[in-house]
Structure formats: C-alpha cells, structure tokens
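In what follows, chains are A, B, ... by sequence order, proteins preceding strands, each numbered from 1.
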Number of protein chains: 2
Amino acid sequence: MEYAGRGDPARTMALLWDGVPPAPRRGPRPRLDLDRLVDTAIAEADRTGPAALSMRSLAQALGIGTASLYTYVPGKAELLELMVDRVVGAQPLPPTGAGWRAGLHHLATEDLAAFRAHPWLLQVAASRTVFGPHVITRYEAALSLLDGYGLPAIEVTGCVAAVESYVRGAASAVVEAEQAPARTGSTDQEWWERRLPYLTERMDGRFPRLDALERAGGFTVSDTTLPYTLQRALDRFAYGFDLVLNAIGTRIAASGSPP
Amino acid sequence: MEYAGRGDPARTMALLWDGVPPAPRRGPRPRLDLDRLVDTAIAEADRTGPAALSMRSLAQALGIGTASLYTYVPGKAELLELMVDRVVGAQPLPPTGAGWRAGLHHLATEDLAAFRAHPWLLQVAASRTVFGPHVITRYEAALSLLDGYGLPAIEVTGCVAAVESYVRGAASAVVEAEQAPARTGSTDQEWWERRLPYLTERMDGRFPRLDALERAGGFTVSDTTLPYTLQRALDRFAYGFDLVLNAIGTRIAASGSPP
DNA sequence: AGAAACATCGTACGGTGTTCGTAGTATTTG
DNA sequence: CAAATACTACGAACACCGTACGATGTTTCT
C-alpha cells in the first residue's frame, strides 16, 4: 500500500488536472478512456476491499490485458491518487451563507459518508495528501466557511486542520465497526462469543475502571474499548465532532467580530 | 496490509496475554523467544518503513529460516498485533493526580511520539483495534483521568474517544510531513521546486481563498494544504489538541462537580 | 505504398505471505 | 540403552502481486 511516488511529477499533475492529454493522431484508438478506468477501479476497490484491488483484477474487469493499463496510468500509486480526487470531486461542496457551523457540519457529514462508502480512502489518503483539483477545491471551500469571523489566518487553517484530523480519526473507528463482521466472516455476536471467554478470564479484576463502566452504564468491555456496534460508533463520532465545533465557536467568539 | 484475522482467536489471545506458552518438554529448544522476535520485527519495521517489513527479511535479521517464523507466530497479522501491543506497553502511563488536562496532554504527547517513532502504527492500528493487555491498560488509564469530575459515563468514553480520534488523525499529518523527504528521495525543496510550476500554473486565480492566505499570512500553497514543514505540522497538532481539551473542559465545567 | 506512431498484451522478473513435507533433535518411555 | 515421541527447523513450492520488455497489430501521415 505504499507504492512510492515513482512517476514523474509532470505526468501525474497532468493526469490530475488536465485529464487525458489531447488524443494522438496516429495509431489505433484507445479502447478506454481514463474516466472509465478510474470509475471501474473505484467500484472494484469498493467491492473487494481496500488492499484487494490488483492491476490484474482491474484489467480483467475492464476486459483488457494487464499491461495495457500502463498505457493510461503510470502505476498503481498514481491510479490511487486519481481515484481519491475523483471521489472527492463527487462530493457536494458545503453550502455558503448558512454559517460556519452548518457548513463544517455538512463537510464532516459528507466526508464520513465518503469514508464509509469507500473504506480504502482511509488507507490511501492517510499516507499522502493528494494534490488534485477537487481536493484543493474542497479545502478552499472549507477555509472560506470560516471567513469573515475575525479569526486570524493561522487559526483558520488550524481549525480546518483540526476538523479534518478529527474526522479522519473518528471515521476510521466508524468504518472499523462497520466492517468488522465482513472481515471476520462472522456476525458481531459470534465474533465476541468466541473471544469474550478469553478476555473476561484475563481481565477479571485487573481493570476496575472498565468494570465500573460495565456496572454503571451498561457498557460491556466490547462496547467501550472497541465500539463494535455501528450505532455506538456513530454516536461517538457526533459527540466528539460537537466538542470540536464548540471549541471553534469559542475561538470565534473570542475573536470579536460577530457573524 | 490487510491480512484478515485468520488465526484462531484462542492462539492470538494467548500470545497477547500470556506470552509464550509453557516450554514444551521434548524436541530441540527453540532458538528464539517471542520477545526477541517481536522486538526485532519492530526494529526492522522502523528501519525499512511501514509496509516493507517482510517475513523473509525478518527471518534473515533473526538468522533463521523464513518458515521457522510460523513456529512462533500464526501469521503476519498476528505478529503486527503483537508489535502494536508491545509498543504501547513501552509507553509510560499518564501521571495520576495531576489533573485531567495534564494527564490527557501527557497521553497525547506520548502517543504522538510513538507514532513518529513507529510510523507503521498508523497503518496497522487504523484497520483494527488490537485487544492486547497494554492497549487495554492504557485505555483504562485514560478513562480514569476523567474520573471524579461528575461527567456521566457516556461522556467520559466520548471524550476519550474524541482525544484518540483527533490524535490519530493529526499524528498522521505530522508523520506525513516528517516522512515526505525520505519517501520521495529528495529534499522538501527539490520536491516542491519540481511540482510548484505545474501547480501554480493550474491554480492561478482559481482559488481566491488560498491566494488570500498566501498574501496575508505568508502561507504558500505548499504550507497550507500540505504542511510539509515539520514545525508547522507540530504547531497544528498542538493547536487542534488545545481546541479538543478546551471543549472537554467546558463539558466538565457544565457537569457541576469541581475537581 | 511505405514509414512512423501508437495501443495492445504475452511473458518474465523479482518480490510477497503462507503451506507442505521432510529432516533433525531432544526428551520420555519401555 | 534403545525406541518411540513430540517438537523445532527449513528448503521448496504455490499462488499471488506490481511492473518492464519486446513483439505484434493497427491506424494515420507523408
């Protein structure tokens, strides 16, 4: 999942920003266009899981030979970048004029939805920021949400970065909860029924705080440490995001200028 | 980097919680012990990068045959889990009695340090929570930091989860900034000098907010979107973490009971 | 018609995690 | 003491992976 940034920057930048270069004059027509390739790759990655996308299976899904892929794309790393920017491009931008809080909320909700629909985003985007047009457009929109409230530039970028960081981290917990059954090949209940005996035996009495939580709030160990219930994970996402928004609100209030 | 949770849970749990099982009575003595194996794996992963750890190279570093590794560990997935729990076990626990803020600050600082020292943690821990004794001990300690302030249980777990989510997301930005030069094989400056011409040409005039930031605050595009300067990334980490802590403080204050 | 430019793709290379079967060794048993 | 036993060690092989190379076929321009 690393695929160091091999290809020369010019080629990658051109693919991201200009799409496919002008059609060449000679030789046989390409059977594919870049859009179809990237779309198929996204669908395939969604279907088969994050790391399971292989150039061979992608080529097969497209009905072409494996080596032919390299006519369109320098390598897998660049393909992944194109996939990221394309997914981001499909997200709606936050509404302007509804206030910073509604705007950031919209942004985070869309991001969470994208991470859930395309879990591989978490692994790709975690290792390197993609410098595509849609990614930057979205970042620009996020910055403008905090414009006009008197926040200094350094704080605007800081707040947006904080939101992005939190969303990425919390979304990965949500995705984990959502994917746990599929990955283990069994239902949540089976998964826990098989592990709980070992855990309870080992944990017995050694973790008073967790025990207290279990007695007081009806949390089981499985519920607190790893919120395997999707609903619990979503609740946590919302709770923590509210914390972040509240903190941003305090900074805005402290900066003087009203909305 | 997926390595679905193959091995049976009993074996994995036993490895995590009980260490190596009682020494067998017959047959040749094992040449290795589990601790040495895991330690070497950690060192190797630190040295060669996240995904570059291979069972073959690890075996070579240990001076044994590749297949022999599977005598000690069911597979790579389980080995990675052992590595995670071992790293977490090496972290100091937050001081009790210094207050929740100091405690959480200590926790986050140590986590960030661990992510920087072992970048592969971000990719391993992102996909599944490791249920090892040290991980749970650390979680227990985090919970107890917020004990006694009158926060309801659901909020205690919510706040700890929020901190963890933020730290994971923000740390990945820091690590990205720190590793960028090594990954691209060139210095920051070279990397940007090669890409900036293409970027500025494409971005010219299309992103007024970013342009304004550049004019006003001395931010370059490279500085805002991807904080390739390590110092800037660290500043952002601290700023956002302060936001989260402030929000938690507000919740605590609203819950009545003083420290 | 011939040359040049291009897409296609079978094949091969060096890597990966893991399995299998066998060889070897130390303890326990008869 | 010898034989059975239970264990470690590991070379070889399997099924994959991303990618480079070179041959082949197709289209367009001269």
Side-chain angles (χ1 to χ4, degrees), chain A residues 1-8 11-12 20-34 36-37 41 44-45 48-83 120 123-124 127, chain B residues 1-8 11-12 20-34 36-37 41 44-45 48-83 120 123-124 127:
Chain A
M1 188 61 56
E2 200 57 1
Y3 313 119
R6 280 278 137 258
D8 77 310
R11 175 93 189 273
T12 307
V20 71
R25 291 273 134 257
R26 297 188 217 186
R29 298 271 159 61
R31 290 193 193 164
L32 266 52
D33 56 322
L34 191 60
R36 208 162 92 72
L37 196 160
E44 205 71 6
T48 64
L53 174 71
S54 77
M55 300 300 264
R56 283 175 171 82
S57 65
L58 173 58
Q60 190 163 11
L62 286 165
I64 65 172
T66 309
S68 307
L69 288 175
Y70 293 84
T71 323
Y72 300 89
V73 155
K76 191 173 181 179
E78 292 81 359
L79 172 59
L80 288 171
E81 295 199 24
L82 292 177
M83 291 163 64
W120 45 268
Q123 310 208 342
V124 175
S127 61
Chain B
M1 187 66 52
E2 199 58 3
Y3 313 119
R6 280 277 136 260
D8 78 309
R11 174 92 188 274
T12 307
V20 71
R25 291 271 135 258
R26 297 188 218 185
R29 298 271 160 59
R31 292 192 192 164
L32 267 52
D33 56 322
L34 193 59
R36 210 163 91 72
L37 197 159
E44 204 72 5
T48 64
L53 174 70
S54 77
M55 300 299 265
R56 283 175 172 80
S57 65
L58 172 58
Q60 191 163 10
L62 285 164
I64 65 171
T66 308
S68 307
L69 289 176
Y70 292 85
T71 319
Y72 300 89
V73 156
K76 191 171 181 180
E78 291 81 359
L79 172 59
L80 289 171
E81 296 198 26
L82 292 177
M83 291 162 64
W120 44 269
Q123 312 208 341
V124 176
S127 61

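With rounding to whole Å, A:L79 atom CG is found 15 Å from D:dC17 atom P. In this structure, the CG atom of B:L37 is 14 Å from the C1' atom of D:dA9, given to the nearest Å. As a whole-Å value, the separation of A:R26 CZ from D:dT28 P is 11 Å. Atom-to-atom, NZ of B:K76 to C1' of C:dT19 comes out at 17 Å; the value is rounded to the nearest Å.
One finds no side-chain N or O of B:T71 lying less than 4.0 angstrom from the OP1 or OP2 phosphate oxygen of D:dT8. The phosphate of C:dG24 has neither OP1 nor OP2 within less than 4.0 Å of any side-chain N or O from B:R31. Applying the 4.0 Å criterion to OP1 and OP2 of D:dT28, one finds that A:R29 has a side-chain N or O inside that range.
Under a 3.5 Å cut-off, the side chain of A:Y72 and the backbone N or O of A:L37 do not form any donor-acceptor pair.
Taking a 4.0 Å limit (strictly below) on heavy-atom distances, residues 55-70 of chain A reaches DNA chain D at A:M55, A:R56, A:T66, A:A67, A:Y70.
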Donor-acceptor list for residues 56-65 of chain A side chains, cut-off 3.5 Å, not counting sequence neighbours:
residue: A:S57; atom: OG; partner: A:S54; partner atom: N; Å: 3.4
residue: A:S57; atom: OG; partner: A:S54; partner atom: O; Å: 3.0
residue: A:S57; atom: OG; partner: A:S54; partner atom: OG; Å: 3.0

Under the side chain to side chain contact (heavy atoms under 4.5 Å, CB included) criterion, do B:M83 and B:V124 qualify, and how do the steps go? CA-CA 10 Å; B:M83 291 162 64; B:V124 176; over 6 Å; no
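Annotation: the span from B:T66 atom OG1 to B:M55 atom CE amounts to 9.0 Å, rounded to 0.5 Å. Once rounded to the nearest 0.5 Å, the distance linking CH2 of A:W120 with OG1 of A:T48 reads 11.0 Å. Residue B:T71 holds its OG1 atom at 9.5 Å from CG of B:L32, rounded to the nearest 0.5 Å.
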